[in-house]
Amino acid sequence: MSDRIPNSFFQENDALFVAKNLLGKTLVRQFEDGIIKRFQILETEAYLGEDDLACHASKGKTPRTSVMYEEGGLVYVYLIYGMYWMLNIVTGSKDHPQAVLIRGISSCIGPGRVGNQLKIDKSFYGENLELSDRIWIENSDFSGEILQTPRIGIEYAGDIWKNKPWRFILIPD
DNA sequence: ATAATGATAGCG
DNA sequence: GCTATCATTATT
């Protein structure tokens with residue numbers, strides 16, 4: 001009963017739309033041992049292009065950010081504070097660097113915990129969500145209330161970008 | 001409140 | 001090369 005979201009969804013919409021619309025959807029991970037686990041996406045953040053000083057792409061195209069310059073539907077991961085892998089989904093068309101950070105799923109809240117739980121590491125950099133056999137996203141029905149707040153942990157980004165309400169939280173019924 | 005922990009960007 | 005910084009979390 002799988003209903004995998006095609007990459008066209010990530011390519012044809014910007015990070016803001018995708019961040020909001022990934023809430024309630026099902027993040028699927030098949031582990032090394034073949035066990036498949038499903039999680040509901042509960043919290044996301046949008047990072048929106050080179051102008052967005054909170055977005056890593058504001059530094060331009062580097063080895064770390066290059067995947068964001070590809071078409072949507074790829075995975076962007078990076079290590080933060082030497083210990084946490086952040087899981088992001090690239091959105092938009094080629095050369096429009098954007099991504100959505102997965103900050104919370106049904107089993108845990110907090111991007112570092114998500115990376116831990118899903119056993120994310122550098123090998124996921126550039127993973128294709130439409131083709132991968134270890135991580136993908138499925139459509140699913142849900143009901144709940146959606147909250148919107150400023151993004152977390154980006155004090156460096158300056159008032160304009162720091163205050164953008166680009167964090168989305170689902171409170172299930 | 002702060003330590004943990006290492007890749008990365010920016011500077012030389 | 002060197003170093004400050006970091007889309008965080010567990011512990012005091």
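Naming: A, B, ... by sequence-line order, numbering from 1 per chain. This one's a predicted model, so the numbers in the text were calculated from it and none came from an experiment.
- Base pairing in DNA chain B gives the following stems of 3 or more Watson-Crick or G-U pairs, range against range and under 3.5 Å: B:1-4 with C:8-11, B:6-11 with C:1-6.
- A:Ile120 places its CD1 atom 17 Å from the P atom of C:dT8, with the value rounded to the nearest Å.
- Between A:Lys25 and A:Glu138 there is no salt bridge, since no side-chain nitrogen of the basic residue lies less than 4.0 Å from a carboxylate oxygen of the acidic one.
- Spacing between atom CG of A:Leu87 and atom C1' of C:dA7 amounts to 12 Å, rounded to whole angstrom units.
- Rounding to whole angstrom units, NZ of residue A:Lys162 and P of C:dC6 are separated by 13 Å.
- For the side chain to side chain donor-acceptor pair (under 3.5 Å) test, no residue two or more places apart in sequence or in another chain qualifies with A:Asp95.
- Shown here is A:Lys37, whose NZ atom has no more than 12 heavy atoms of other residues, nucleotides or ligands within 6.0 Å.
- Between the C1' atom of C:dA10 and the CD1 atom of A:Ile109 lies a distance of 17 Å, rounded to the nearest Å.
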Base versus backbone protein contacts along nucleotides 2-12 of chain B [heavy-atom cut-off under 4.0 Å; B, S, -]: --BBBSSSS--
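- With respect to A:Glu127, the salt bridge (charged side-chain N to carboxylate O under 4.0 Å, His left out) criterion is satisfied by exactly one of A:Arg29, A:Lys122, A:Arg134: A:Arg134.
- Considering CD1 of A:Ile102 and CD1 of A:Ile137, their distance stands at 5.5 Å, rounded to 0.5 Å.
- Judged by distance alone, the side chains of A:Gln98 and A:Tyr76 never bring a donor and an acceptor atom under 3.5 Å apart.
- Under the 4.0 Å criterion applied to side-chain N and carboxylate O atoms, A:Glu43 and A:Arg167 are assigned as salt-bridge partners.
- Checking side-chain atoms of A:Glu130 against main-chain N and O of A:Asn7 turns up a donor-acceptor pair under 3.5 Å.
- Nucleic acid contact for A:Ile154: sugar-phosphate only, since backbone atoms but no base atoms lie under 4.0 Å from a heavy atom of the residue.
- Between A:Arg113 and C:dA10, a side-chain N or O to OP1/OP2 separation shorter than 4.0 Å is present.
- Among the nucleotides C:dA10, C:dA7, C:dT8, the one closest to any side-chain atom of A:Tyr156 is C:dA7.
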